[in-house]
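Contents: one structure, followed by commentary.
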Amino acid sequence: MEQGRSGSIGVVVVAAGRGERAGASVEGPKQYRRIGGKPVISHTLRLFLDWPKSGPIVVVIHPDDRQLLDAAVASLQERERLIVVTGGATRQASVRNGLHALQDHGIDHVMIHDGVRPFVDAPLLERIATELAAGKKAVLPALPVSDTIKRADAFGVVTATVPRKDLFAAQTPQSFHYATILAAHERAAEMQAMDFTDDASIAEWAGIPVHVVEGSIDNVKLTVQRDIAMADEKLRGSALPDVRTGNGYDVHQLEPGDGVTLCGIFIPHDQKLKGHSDADVALHALTDALLATCGAGDIGDHFPPSDMQWKGAPSRIFLEHAAKLVRGAGGTIMNADISLIAEEPKIGPHRQAMREKLAEILDLSLDRCSVKATTNEKIGFVGRREGIAAIATATVVFRGTD
Ligand code: MG
């Protein structure tokens, strides 16, 4: 029994069909095909789980599809609210099973929805809920037919043009006063009236007035393979790009020496950078920036300074490791930008070589690699030539999750 949810609208999502018209697929019947990286049924259920007025949600499946359903809902939050039942030989019988499963839940109304209409939207549900709340016993979302309708004979010759003024294309969720539609279903079953293709027809047959509300043009039923391919394109086209930016900052102390390595380039100088590895502050900052884009910690997590094997190591090893991690997580590195803050040596003459080094290490085009430098106007530790600092930014685009 559902507790503590406002409203008392139960939902039956019918997903027991075999979907022969969509052709065979390794993914199973069409309600389990992936669109936008997720099974059709999971998009449909997500909408009802998120809608605040929905109470218990029954999913009616084919007895062979239990594993497919479990996999399809595995990542849905609140999936424990779903009640799974198996369907019957016809859609009508499947709906009846779904209605029975709601019997002890104290609901007033029920929405009966096709599992293969994943683009149902909350405003449509609200339009229906308003009519139900106003006391309508049966509410049908539908759109006026816009094509001219012809009747043709067995030879494919048109015999009439059907006036379309009063014609509507029926959608789901078809929605009802629960006890009323349950009684109509029971009576139809008793009387062996078993050839209804939707629930509004059962209501009509039972003499219940069915009220039309405006459907949604997006609320299409995925029927053939082409529908599924188009739905997939639509979702992928509208998906938010997964662009992530990471930053990194590092400082190393200067001490007397013969030169510094920055961005993998050795620059002769009367000082050197102190550090465990080659102390390439620029590559350290960029390594942190890259790791940040996939939540992989920082350079110290991967290369502890206590580990002797990194003593004097060229820092490109760290950067290569981070790039490999990012790519392994599905990321494409879009750009890398490093700002060096150093009073001396002069960076300008080496900038191009540094960019080329970055491009080589990261396997990026040169225009995606940037190195900039500034002095610290002789103030602070950098200004006093006590150390060199670096700030880095990396942008990585990740593939949508499948
Ligand atoms: Mg460092």
Side-chain angles (χ1 to χ4, degrees), residues 10-25 27-33 39-41 44-45 48 56-70 72-73 82-103 105 107 109-118 120 128 137-142 168-208 210 215 219-225 227-228:
V11 178
V12 174
V13 173
V14 195
R18 300 285 81 193
E20 282 95 359
R21 276 180 291 173
S25 163
E27 290 175 351
K30 61 190 172 177
Q31 55 272 37
Y32 301 106
R33 304 270 185 94
V40 169
I41 185 78
T44 310
L45 294 173
F48 283 102
I57 300 170
V58 176
V59 196
V60 189
I61 64 167
H62 189 277
D64 295 346
D65 293 348
R66 184 69 215 216
Q67 282 184 331
L68 285 171
L69 181 82
D70 287 346
V73 303
L82 303 174
I83 301 159
V84 182
V85 301
T86 53
T90 61
R91 184 186 187 282
Q92 187 182 338
S94 293
V95 170
R96 197 156 67 96
N97 289 1
L99 291 173
H100 286 162
L102 287 170
Q103 246 163 351
H105 288 266
I107 56 164
H109 297 105
V110 61
M111 292 185 161
I112 303 169
H113 188 65
D114 294 328
V116 288
R117 289 186 190 266
V120 58
I128 295 169
K137 296 273 199 250
V139 181
L140 170 72
F168 289 86
Q171 301 187 340
T172 71
Q174 299 180 359
S175 305
F176 307 91
H177 180 254
Y178 173 69
T180 304
I181 194 66
L182 178 61
H185 260 275
E186 301 290 31
R187 200 145 65 83
E190 271 166 35
M191 296 177 69
Q192 305 279 315
M194 295 302 284
D195 49 0
F196 295 107
T197 54
D198 73 350
D199 302 286
S201 340
I202 294 179
E204 294 156 38
W205 171 82
I208 304 159
V210 178
N219 184 24
V220 292
K221 185 173 182 179
L222 307 186
T223 305
V224 295
Q225 176 55 38
D227 299 334
I228 293 165

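No hydrogens, no waters, no symmetry mates; every other heavy atom, side chains included, goes into these values.
When side chains are defined from C-beta on, His177 does not count as touching Ile208, because their heavy atoms never get closer than 4.5 Å. Side-chain contact between Val120 and Pro141 is absent, with no heavy-atom pair separated by less than 4.5 Å. The shortest distance between side-chain heavy atoms of Asp65 and Arg18 falls below 4.5 Å. Here the side chains of His100 and Val58 are not in contact, with every heavy-atom distance at 4.5 Å or above. Counting heavy atoms from C-beta on, the side chains of Val12 and Leu102 come closer than 4.5 Å. Asn219 has its side chain within reach of His113: a pair of non-hydrogen atoms, C-beta onward, lies under 4.5 Å apart. Between Arg66 and Ile61, the closest side-chain pair of non-hydrogen atoms falls below 4.5 Å. Looking at heavy atoms from C-beta onward, Lys221 lies out of side-chain contact with Gln171 at the 4.5 angstrom threshold.
From Ile202, atom CD1 reaches atom CG of Leu182 across 11.0 Å, with rounding to the nearest 0.5 Å. Put simply, CG on Asp195 and CD on Gln92 are 7.5 Å apart, with the number rounded to the nearest 0.5 Å. Between the CD1 atom of Ile41 and the NZ atom of Lys30 there is a distance of 11.5 Å, given to the nearest 0.5 Å. Taken from NE2 in His109 to CD1 in Ile128, the straight-line distance is 12.0 Å, to the nearest 0.5 Å.
The two residues Tyr32 and Ala15 come nearest to each other via the heavy atoms OH-O, 4.2 Å. For the residue pair Ala93 and Gly88, the shortest heavy atom distance occurs at CB-CA, 3.9 Å. The two residues Met111 and Phe48 make their nearest non-hydrogen contact at SD-CE2, 4.2 Å. Of all heavy-atom pairs between Ala101 and Val85, the closest is CB-CG1, 3.7 Å. Listed here is the closest heavy atom pair of Leu140 and Ala200: CD1-CB, 4.2 Å. The heavy-atom pair separating Gly115 from Val13 by the smallest distance is CA-CG1, 3.6 Å.
Of the possible donor and acceptor atoms, none in the side chain of Thr86 sits under 3.5 Å from a partner among the backbone N and O of His62. At distances below 3.5 Å, not a single donor-acceptor pair connects side-chain atoms of Ser201 with backbone N or O atoms of Phe196. At distances below 3.5 Å, not a single donor-acceptor pair connects side-chain atoms of Glu204 with backbone N or O atoms of Val210. A side-chain donor-acceptor contact under 3.5 Å links Gln174 to the backbone of Asp199. Proximity of a side-chain donor or acceptor of Arg33 to a complementary backbone N or O of Gly28 within less than 3.5 Å is detected.
Paired with Val59 under the rule side chain to side chain contact (heavy atoms under 4.5 Å, CB included), one option of Thr44, Val14, Leu45, Val11 passes, and it is Leu45.
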For Ile112 and Leu99, what are the C-alpha separation, side-chain angles and deciding distance, and is it a side-chain contact (heavy atoms from CB on, under 4.5 Å)? CA-CA 9 Å; Ile112 303 169; Leu99 291 173; 4.2 Å; yes
Please step through side-chain contact (heavy atoms from CB on, under 4.5 Å) for the pair Met191 and Trp205, ending with a clear verdict. CA-CA 12 Å; Met191 296 177 69; Trp205 171 82; 4.0 Å; yes
Would Val220 and Asp227 count as a side-chain contact (heavy atoms from CB on, under 4.5 Å) if you check the C-alpha gap in whole Å, the side-chain angles of each, and the deciding distance to 0.1 Å? CA-CA 9 Å; Val220 292; Asp227 299 334; over 6 Å; no
